[in-house]
Amino acid sequence: MLPTICFVKEIFEIRIHGRGGQGAKTAAQFIAEAALDQGKRIQAFPEYGPERSGAPVVSFVRISDKQIKSYAPVVNPDVVMVIDPTLIGPVDVAEGLAKDGILIVNTSETAEKIKNKTKFNGKVCIVDATKIAMGSVGKNLPNTPMLGALVKITGVVGLESVNNKVKEKFLDKIGEEKTNRTIEGIKKAYDSIQ
Amino acid sequence: MAKIKALTGAEASAEAMRQINPDVCAAFPITPQTPVMQKFAEFVADGIVKSEFICVESEHSAMSACVGSSAAGARTMTATSSAGLALMWEILGIASGLRLPIVMTIVNRALSAPINIHCDHSDSMGARDQGWVQIYSENAQESYENTLLAVRLAEKVLLPVMVCQDGFITSHGVENVAVYDDNKVKSFVGELKPYKPLLNVDDPVTYGPLQLTDYYFETKRQQEPAMEEAKKAYQAIGKELKKITGNDYGYFEEYQLKDAKAAIVVLNSTAGTTKAVIDKLRQKGKKVGLLKIKLFRPFPYEEVGRALKNISSIAVLDRSESFGANAPVFGEIKNALYDAKSKAKLHSCIFGLGGRNIYEKDIEDLFSKLLTNKLKGKEYIGVR
C-alpha cells in the first residue's frame, strides 16, 4: 500500500538532501528498488554537481503504480529527507515541499526548532539517525537509519523489503555482522518514530 | 519471460552487451560513458561473456582497434561520450567507409569549451554526417532494446551504428527495465557471418587501400544506398524484435499526435518529460502532441512529413546548436515539411545545453505559446 498522500499526485516523489559521501544516492536507490520489488514503477536519480566529498548533494525518488514518463527533476516532492542537518540554512531544504508534505530530518534538535529554521509549517519528523548509526554500526552513516524513519512515517514500502535490499547490497561487501547491525539501526530508527 | 530489474541506462546498455556477447570490445573510459564499460568489464572479468576486452590508451585507439577487429571478422562493440567521440572523429569515417558493422553506445554529453560533463547532444549531432546509422533512446529500456536491434542492423547493411542515450539523466538514473530471456535474445541476435573478413586466408582481400580520383567517388556513392537499405532493414528487424519485446520500432513515435493542434518534436529523455506534460494538458482539453525521433540517420523525411503535415504549430527542440545554421533536428524537420508542402508555423527551440535542466513547466509554457501563436523566431529555453 502506498501512503495516502501518494494518491493526491499519482506519483509519489521524494527528495533527499545530504553531503557527498553520506549515501543520499544509495538511500534513494534502496527505497526505489524496494518499491520495485513490490511491483511498483520507480525512478531513482541524483542531481550531479561537482562530486566532492562533503559538498551538498540531492537525489530523487519517484514511485508509482503507472509508468513514470517525466525525466525532469522532482520540483514538488511529497517528502523531503535531510540526512545532514547542517544543510538547513545554506540550502532551502523545504523548497517546493507541499503544505501537506513531510519533512524528515536527521537531528538531535526538536521538531519545533527545525520548523523555525526551515520555515516549513507542515509535518516535521525528527530522527537522531547519526546517534542511532553510531550506536549500531559505530560510524556516522545516517542514511540507512533514515530509511527506517521514512518507512515508518510514510509506509511507502515495507520495512522488510528495505532490510532485504540492505542484505542484498551489503552482505558480500561488509559481511554478515555489519549487515545485521545496519538492519538493527534501521529498526531502531523505525521504532523511534512515534 | 522478461525479468524486471532496477537498472541505470548505462547498466541497461551493458546488459544488452552481455546478451550479445561480442567477440571484441575496445574502449576508453569517459564520463558519463564509464559505467557502461565498468559493468561490461565486470562481465568480462567474471567470465560471464567471452569477449576480448582491449584496454586502449585513447578513443582514437579504441575506434582504431574496433576497425581492425571488425575487418578481421569479429563482432565488435564500444561506447563513448563527448570528447571521446570527438577524438574518434577521424576513425568514424573509416569505420563507415570500410563498411564495418561496429555498434557503439553514445552517452550524450556536451563538448568543450567550456568544459562540462553534463548532457547535451552536440557530440553525436556533430558526428551525424560521418556515415553512421544513429538511433536515439528515450530511456534505459529503449537503450537496451535499441542496442539489440543495432547489432542486427549493422551486420545486415554493413554500416556502423550509434545508439544514443542522455548522459546522467538516462545513464545514471535507475528505473524499471524489462530484460528479456537470454536464449530468446541470443537467438534474435544470432551469429555474425562476416562479409569478406580480413583473416580469411582462402579469400584474401585488402581493406582501406588508397582510392584517388579513380574509385573514391564510387565507394562513397555506395554508402548512400546502404543507408537507404538501413531504413528498410531497421523496420524489418524491428518487427522481429517486437516478437520478443512486444514494442514497436518505428522511425519515430507519435504521442497524441493525430488530432494535435500544437506539437513538439524532440528526441531522447525530454520526449518522456513532454509525454508527462501532454497527459496533463490533454486532461484540460488541450490538443497537444509529440513526435519523438528515434532513427535520425538515415532520416525518415517522407514519413515525418506525413505525420506532421496537418499540424498548424510545431516546435522542434534541439539539445545542440549548429552555429550559424539551423539546429540539427530543426533543419531536418523543416526539410521534411517542405517536401510535404506543409504550411505549419515551425519554430526552433534550443534547450538543455551543458545539462541545463528542462522542467515540465518549461514544456507546458512552450505548448501554451504554440497554441496562442506567441512564439517569435528562435527560442532559447531556460537560458539566462
Side-chain angles (χ1 to χ4, degrees), chain A residues 8-11 13-16 24-52 57-77 95-96 157 161-162 164-166 168-169 172-173, chain B residues 3-11 31-32 109 115-119 137-142 165-178 253 255-256 266 268-280 283 290 292 351-352 355-364 382:
Chain A
V8 181
K9 277 172 64 186
E10 191 173 285
I11 301 174
E13 295 177 306
I14 306 171
R15 188 176 66 217
I16 304 173
K25 186 185 160 198
T26 309
Q29 204 161 333
F30 276 16
I31 283 294
E33 290 194 23
L36 181 138
D37 289 345
Q38 299 189 351
K40 303 293 179 194
R41 304 297 295 246
I42 57 112
Q43 277 184 2
F45 56 103
E47 185 152 89
Y48 280 89
E51 292 152 307
R52 304 182 309 273
V57 294
V58 181
S59 61
F60 306 102
V61 182
R62 285 192 174 101
I63 299 171
S64 180
D65 287 319
K66 291 185 180 166
Q67 189 193 350
I68 303 165
K69 290 168 185 163
S70 179
Y71 290 98
V74 170
V75 178
N76 297 115
E95 190 185 5
V157 288
S161 52
V162 171
N164 287 340
K165 216 21 85 184
V166 169
E168 187 188 310
K169 300 266 177 186
D172 283 350
K173 274 190 191 162
Chain B
K3 206 173 166 199
I4 306 297
K5 295 186 181 180
L7 297 178
T8 62
E11 288 166 343
T31 301
R109 166 186 155 181
I115 193 161
N116 180 298
I117 60 165
H118 292 284
C119 175
S137 319
E138 181 184 325
N139 48 35
Q141 187 71 45
E142 286 194 3
Q165 62 172 268
D166 277 349
F168 290 110
I169 303 162
T170 305
S171 65
H172 288 60
V174 179
E175 58 184 329
N176 307 54
V177 177
E253 181 187 345
Y255 191 81
Q256 301 279 17
V266 69
N268 277 13
S269 70
T270 310
T273 308
T274 305
K275 287 177 188 172
V277 173
I278 289 170
D279 288 351
K280 278 181 204 162
Q283 276 180 7
L290 161 78
K292 175 186 84 184
F351 77 101
R356 176 67 50 85
N357 279 330
I358 181 147
Y359 295 96
E360 290 175 34
K361 180 82 173 54
D362 297 324
I363 292 166
E364 215 175 312

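Just so we're clear, the structure is a prediction, and the values are computed from it rather than from any experiment. So you know, we letter chains A, B, ... as the sequences are listed, proteins then strands, and number each from 1.
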Q.
Which heavy atom of B:A6 sits nearest to which heavy atom of A:E33, and what is that distance?
A. CB-CG, 3.5 Å

Q) Once you round to the nearest 0.5 Å, how far does CG of A:N76 lie from NZ of B:K361? A) 11.5 Å

Q: Please check if atom CD in A:E95 has more than 12 non-hydrogen atoms from other residues, nucleotides or ligands closer than 6.0 Å.
A: no

Q. Can you tell which of B:G173, B:G355, B:S269, B:A271 has the highest number of heavy-atom pairs within less than 4.5 Å of chain A?
A. B:S269

Q | For B:Q256, all residues meeting side chain to side chain donor-acceptor pair (under 3.5 Å), sequence neighbours excluded | A | none

Q | By side-chain contact (heavy atoms from CB on, under 4.5 Å) - contacts of A:A27 (at least two apart) | A | A:I16, A:N143, A:L147

Q) With respect to chain A, which residue among B:T8, B:N139, B:I363 yields the maximal number of heavy-atom pairs within a distance under 4.5 Å? A) B:N139

Q | Nearest-0.5 Å distance that lies between atom CD1 in B:I4 and atom NZ in A:K40 | A | 14.5 Å

Q) Between CG of A:L36 and CG of B:N176, what distance do you get to the nearest 0.5 Å? A) 4.5 Å

Q | Pair A:E47-B:N357, side chain to side chain contact (heavy atoms under 4.5 Å, CB included): steps then yes or no | A | CA-CA 10 Å; A:E47 185 152 89; B:N357 279 330; 3.3 Å; yes

**Q.** Residue part contacting chain B, namely of A:Q29, when any heavy atom lies under 4.5 Å
**A.** side chain

Q) By number, which residues in residues 66-74 of chain A have some heavy atom less than 4.5 Å away from chain B? A) A:K69, A:S70, A:Y71, A:A72, A:P73

Q) Considering residues at least two apart in sequence or located in another chain, which fulfil the side-chain contact (heavy atoms from CB on, under 4.5 Å) criterion with A:A32? A) A:I42, A:A44, A:V61

